[in-house]
Amino acid sequence: MLKEPKIPRKQRKRILERDDNRCVLCWRKYQLHIHHHWDFSGKLQKYENMKTNAPYEYTRDCDLVTLCGSCHGKVHTAERGSPIYQFVTDYLSQFNHSSLRKVS
Ligand SMILES: [Zn+2]
Ligand SMILES: [Zn+2]
């Protein structure tokens with residue numbers, strides 16, 4: 001299992017509210033985790049001024065998603081590009097409209 005980075009309490013709260021306090025996959029409202037999603041497809045805008053799209057150094061809201069314990073485990077074991085993985089990427093892409101400039 002991947003280690004999750006520490007998420008500031010304020011940001012955690014913001015993500016939970018954004019996701020309506022439910023798992024975005026199954027809509028369960030309990031046992032919620034905040035998952036840091038690592039988009040391998042490049043759909044989510046990359047970090048500015050970084051050679052890689054490395055997660056965990058600077059956590060944006062569009063990298064974080066609310067999942068229940070069960071779905072969290074599924075996402076962690078899902079293949080890159082599998083439907084469940086892609087669902088989370090697609091879900092998060094709607095929040096990926098920051099003012100960051102595109103990395104060319
Ligand atoms: Zn769930
Ligand atoms: Zn996770």
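Position 1 is the first residue of the sequence, and the numbers go up from there.
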Working to the nearest 0.5 angstrom, can you tell me the gap between [X] [atom1] and [Y] [atom2]?
{"X": "E17", "Y": "R12", "atom1": "CD", "atom2": "CZ", "value": "12.5 Å"}
{"X": "C71", "Y": "H76", "atom1": "SG", "atom2": "NE2", "value": "12.0 Å"}
{"X": "R9", "Y": "Q11", "atom1": "CZ", "atom2": "CD", "value": "14.0 Å"}
{"X": "T89", "Y": "N96", "atom1": "OG1", "atom2": "CG", "value": "10.5 Å"}

Acceptor/donor pairs from residues 80-87 side chains to any protein atom, 3.5 angstrom cut, sequence neighbours excluded:
residue : atom : partner : partner atom : Å
S82     : OG   : E79     : O            : 2.7
Y85     : OH   : W38     : O            : 2.4
Q86     : NE2  : D90     : OD1          : 3.2

V65 and I34: CA distance, side-chain angles, deciding distance, side chain to side chain contact (heavy atoms under 4.5 Å, CB included) verdict: CA-CA 6 Å; V65 65; I34 302 292; over 6 Å; no
Aromatic centroids of H35 and H37 separated by under 6.0 Å: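 Ring-ring flag for H37/H35: true, centres closer than 6.0 Å.
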V75 vs L67, side chain to side chain contact (heavy atoms under 4.5 Å, CB included): CA-CA, chis, key distance, verdict: CA-CA 9 Å; V75 168; L67 296 172; 3.9 Å; yes
NZ/NE/NH1/NH2 to OD/OE distance under 4.0 Å, D61 and R14: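 Looking at R14 together with D61, the answer is yes, because their closest N to O distance falls below 4.0 Å.
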Check: T66 main-chain N/O paired with D19 side-chain donor or acceptor under 3.5 Å: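 Between the backbone of T66 and the side chain of D19 there is a qualifying donor-acceptor contact (under 3.5 Å).
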Would you be so kind as to tabulate the donor-acceptor pairs closer than 3.5 Å made by side chains of residues 20-30, with sequence neighbours excluded?
none

